[in-house]
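Note that ligands are numbered from 1 as they come in the structure, with each ligand's atoms numbered from 1 the same way.
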Amino acid sequence: MKRDLLCMTAPVREGFDIPCHEIGPRLSLPGAALVGGLHGDEINGIFILSRLADFLNSVEAGKYPELRLVKRVLIIPAVNVLGVNLRTRTWPFDKTDINRMFPGSTNGETTQRIAYAVLEATKRAAYRIDIHTASTDFEEIPQVRLHGPSEAERVTARKFGLPAIMERSLSPVFTTTMMASWKVWHGQSFVLRVGQAGTVQLDHCQRVFRSLVSFLGKVGILEGVEIALEDEEICYFDKASAFRVYAEKAGTFVSDRQVGRWVRAGQELGYIYDSLSGNVIEKVVAPVAGLLTGIRRHPLLFEGDLILRVNKKI
Ligand SMILES: [Zn+2]
């Protein structure tokens, strides 16, 4: 069933609402809550979750007789609906970041009311998943991000079967994120970071779609899923495992490398060219042996810009 999480009116246009899919048995608390598009330009997550909603609705409609939803799943594909329309990360009217508005309130500004409604709908779920991307300039390997996790969350994170799990401490600064608000509640919370903003990267999206279906199977929400044996190892990375390369000179950075590949120390990963003369200014190499987990995709570099990140196996 699709309902509107929150309906809002606007001064000089028609009202708008934030769609929310509630799929599966209605009596229980949600087994899983999945949220995308807190940032309006992060289209990979919006695409993945809208496809997942379509798939689970088909399961409910009996199109996959071998599959059965035994717990309710709640999916909000795009929280920042207006930002999606205008291709902006923030809420278009006042440029606020919705992921800095939690826990929100019922009588605050629009983005505070949105944050409140999203938190109310999702906070009681056993598993809560928030999907993001990197910026429009940078591509990240599809990964699970843990923020100050419990031991149970560390174990569950492996069930996504994604190639990298990145653990960070819970930020003492960003206390107004949805993740920080979720943490107060029972249940487990995860961020998935998938690719780059501003585009749909089909390979990443298909991979994460399959990983979510498999996850729902492994945690007992979707029965009948054939769980494929992982053919790739899952790596666990802490903050100290990350080695970054920054631009020493401005120019045009070009690379044909893909995220998710293992690289050798000193391996060539791309070049910085003089933007107008075309001369090679600098060869960009891997700082250590490890997994290429992120790389710059916007070619124009200023000195000091982040070019890539390699994570060393711990
Ligand atoms: Zn985001």
Side-chain angles (χ1 to χ4, degrees), residues 5 18-20 33-52 75-104 110-112 114-119 121-122 128-149 157 160 162 164-171 173-183 189-201 204-205 207-209 211-212 239 242 259 293-298 306 309:
L5 190 67
I18 299 171
C20 170
L34 299 105
V35 178
L38 274 174
H39 297 132
D41 64 346
E42 298 182 356
I43 312 170
N44 281 340
I46 298 168
F47 183 64
I48 292 163
L49 289 188
S50 59
R51 298 292 304 135
L52 185 68
I75 299 177
I76 306 170
V79 173
N80 185 359
V81 275
L82 283 193
V84 176
N85 276 314
L86 297 172
R87 300 199 221 167
T88 58
R89 173 183 172 87
T90 54
W91 185 249
F93 291 150
D94 57 6
K95 306 283 186 281
T96 49
D97 183 336
I98 300 178
N99 206 22
R100 300 286 180 271
M101 287 291 154
F102 286 83
T110 308
T111 45
Q112 288 176 317
I114 292 171
Y116 182 87
V118 171
L119 185 60
T122 55
R128 298 173 291 252
I129 299 159
D130 177 20
I131 305 188
H132 288 266
T133 68
S135 70
T136 49
D137 292 354
F138 201 79
E139 179 183 11
E140 292 262 2
I141 189 176
Q143 64 194 256
V144 185
R145 284 255 171 143
L146 297 174
H147 296 265
F160 290 99
L162 290 174
I165 300 171
M166 307 266 191
E167 180 167 333
R168 301 280 183 275
S169 47
L170 196 59
S171 167
V173 181
F174 299 124
T175 54
T176 53
T177 62
M178 184 168 71
M179 174 55 77
S181 286
W182 274 352
K183 283 270 173 190
S189 306
F190 305 91
V191 166
L192 304 187
R193 267 168 85 88
V194 183
Q196 177 186 359
T199 178
V200 166
Q201 294 165 296
H204 291 334
C205 291
R207 171 163 209 170
V208 173
F209 176 90
S211 115
L212 288 173
K239 208 170 180 182
V259 294
T293 53
I295 191 160
R296 185 176 178 89
R297 290 303 181 204
H298 197 295
L306 175 63
R309 188 183 61 226

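Each of T96, N99, N80 was evaluated against T111; a single residue qualifies, T96, per the side-chain hydrogen bond (donor to acceptor under 3.5 Å, both in side chains) test. Considering H204, H298, Q196 as possible partners of E139, the one that fulfils the side-chain hydrogen bond (donor to acceptor under 3.5 Å, both in side chains) test is H204.
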Please tabulate, for the side chains in residues 173-182, all donor-acceptor contacts under 3.5 angstrom to protein atoms that are two or more places apart in sequence or on a different chain.
unit_1, atom_1, unit_2, atom_2, d
T176, OG1, R100, O, 3.3
T177, OG1, A180, N, 3.1
W182, NE1, T122, OG1, 3.0

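Counting heavy atoms from C-beta on, the side chains of T110 and F93 never come closer than 4.5 Å. V191 has its side chain within reach of H132: a pair of non-hydrogen atoms, C-beta onward, lies under 4.5 Å apart.
Excluding waters, the set of protein N, O or S atoms lying under 2.8 Å from the Zn ion (ligand 1) comprises H39 ND1, E42 OE1, E42 OE2, H132 ND1.
The closest donor-acceptor contact from the side chain of S189 to the backbone of K183 lies at 3.5 Å or more, if one exists at all.
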